[in-house]
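Structure record follows, encoded as structure tokens.
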Amino acid sequence: MVVILHQLSKRLNNFRADVVLGIPATLWTHCCEYVNAAHLPPRLAIDIAAQDIHGPELVGPYTGEVGIEMLKDCGVKWAIVGHSERRSIFGDTDSLVQKKVLSASHHGIQVIVNVGEKLDDRDHGRAMEVVGKQLGVVLQDVTDFSLVVIAYEPVWAIGTGRFASASEAQEMLGFIRKWIAENRGNAASIVVRILYTGSVNASNCQELLAGCPDCDGFVVGGASLRPEFGVIISSAARCKAV
């Protein structure tokens with residue numbers, strides 16, 4: 001992991017980018033120490049994220065769970081919640097995800113919250129309805145949208161051989177931003193960052209960025225472990241440069 005961090009800091013020397021690495025808990029302390037000690041380029045921010053967190057309780061008999069205070073002790077500044085695998089395998093509901101969002105944001109941890117529809121919902125025209133309902137629950141009582149990042153995860157494209165086109169991705173990303181504007185206010189829709197996550201790689205990232213004006217970046221899976229990760233970040237930095 002440290003090798004990846006070192007390579008990123010060298011490759012992205014001239015780019016302005018916010019990079020958040022969601023890594024296993026066993027690597028948190030080591031990687032946080034490296035990031036804090038590294039002389040990163042002035043416009044490059046690299047932070048560490050937990051891949052999930054416990055719900056609202058800060059302390060208690062929750063064997064095996066990872067709490068907010070544990071993240072803070074290790075120097076972790078971000079958490080990912082609501083990933084499709086957490087929902088499908090571990091039974092995380094929208095209500096539980098909402099509690100995790102509030103717990104994280106209320107204690108200074110920035111959070112990436114995943115939403116997305118399954119194949120049956122997509123094929124039967126319920127995509128917007130499903131994602132809208134998810135947003136209504138997971139964003140309930142959120143007041144500071146600078147601490148919350150929305151990641152659209154097209155669950156229907158995972159392991160099905162189907163991929164979201166740039167137009168399909170933008171349709172949903174645009175819907176999410178419009179939903180936030182209508183339900184949480186224009187200011188929230190402007191400050192919130194919306195990411196696309198769905199088999200992003202060096203071959204399709206530029207097409208997605210060009211075709212998705214509401215895309216503020218990506219959640220990258222397997223490609224983040226390969227050299228092309230730097231290509232994806234630099235492409236996003238060029239496209240979203242301000």
Side-chain angles (χ1 to χ4, degrees), residues 1-23 27 31-32 34-51 75-80 83 109-116 145-154 157 163-174 176-177 180 188-242:
M1 198 69 231
V2 168
V3 173
I4 293 177
L5 286 168
H6 180 67
Q7 290 174 342
L8 286 177
S9 63
K10 290 181 62 179
R11 183 184 183 95
L12 302 173
N13 184 58
N14 296 317
F15 292 99
R16 179 185 181 277
D18 294 330
V19 181
V20 179
L21 302 174
I23 62 176
L27 299 175
C31 289
C32 285
Y34 177 87
V35 169
N36 291 334
H39 297 290
L40 296 176
R43 300 196 303 164
L44 175 64
I46 298 179
D47 284 310
I48 304 301
Q51 295 178 355
V76 175
K77 299 177 181 179
W78 287 79
I80 301 169
H83 191 278
I109 298 293
Q110 294 180 270
V111 61
I112 299 171
V113 54
N114 288 259
V115 296
F145 280 83
S146 67
L147 294 175
V148 177
V149 175
I150 310 297
Y152 169 55
E153 181 184 15
F163 300 93
S165 65
S167 60
E168 288 174 321
Q170 170 54 29
E171 181 182 34
M172 184 58 77
L173 297 177
I176 291 172
R177 197 174 299 279
I180 294 174
S189 72
I190 294 172
V191 73
V192 71
R193 286 183 284 184
I194 304 175
L195 311 180
Y196 174 75
T197 170
S199 301
V200 177
N201 55 50
S203 299
N204 62 18
C205 64
Q206 293 188 24
E207 177 185 355
L208 287 166
L209 288 165
C212 302
D214 284 298
C215 178
D216 296 310
F218 300 119
V219 176
V220 184
S224 67
L225 300 176
R226 298 189 290 269
E228 63 181 306
F229 188 37
V231 177
I232 297 170
I233 298 172
S234 59
S235 295
R238 288 191 191 96
C239 184
K240 299 299 177 180
V242 293

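Note that this is a predicted model, so its numbers are computed, not measured. Values below: all heavy atoms of this structure, side chains included; hydrogens, waters and symmetry mates excluded. Numbering starts at 1 and runs along the sequence shown.
- Using a 30° and 60° split on the angle between ring planes, Tyr152 and Tyr196 fall in the tilted class, from 30° to 60°.
- In this structure a side-chain-to-backbone donor-acceptor pair under 3.5 Å is missing from Glu153 to Thr197.
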Let me see the working for Leu21 and Cys31 under side chain to side chain contact (heavy atoms under 4.5 Å, CB included), right down to the final yes or no. CA-CA 10 Å; Leu21 302 174; Cys31 289; over 6 Å; no

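- Asp47 and Lys77 make their closest contact through OD1-CD, 3.5 Å (heavy atoms, listed as atom of the first residue, atom of the second, distance).
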Run the side-chain donor-acceptor check on residues 203-212: report pairs under 3.5 Å with partners two or more places apart or on a different chain.
from	atom 1	to	atom 2	distance (Å)
Asn204	OD1	Asn201	N	2.9
Asn204	ND2	Ser199	O	3.0

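- Summarising the geometry of Val148 relative to Val113, their closest heavy-atom pair is CG1-CG1, 3.9 Å, with the distance given to 0.1 Å.
- Judged by distance alone, with hydrogens and angles left aside, the side-chain atoms of Asp214 form no donor-acceptor pair with the main-chain N or O of Gln170 at under 3.5 Å.
- Taking CD1 from Ile194 and CG from Asp216, the interatomic distance works out to 6.5 Å, rounded to the nearest 0.5 Å.
- Heavy-atom minimum distance, Ala188 versus Phe145: CB-CD1, 3.6 Å.
- Within the 3.5 Å criterion, the main-chain N or O of Ala202 finds a donor-acceptor partner in the side chain of Glu228.
- Of all the heavy atoms in Ile150 and Ile180, the pair that sits closest is CG1-CD1, 4.2 Å.
- Ala49 and Val20 get closest at one heavy-atom pair: CB-CG1, 3.5 Å.
- From Leu147, atom CG reaches atom CZ of Arg193 across 10.0 Å, with rounding to the nearest 0.5 Å.
- The shortest non-hydrogen separation linking Val200 to Val220 is O-CG1, 4.1 Å.
- Side-chain atoms of Arg177 come within 3.5 Å of backbone N or O of Ser189 as a donor-acceptor pair.
- To the nearest 0.5 Å, atom OH of residue Tyr34 and atom CD1 of residue Ile46 are 8.0 Å apart.
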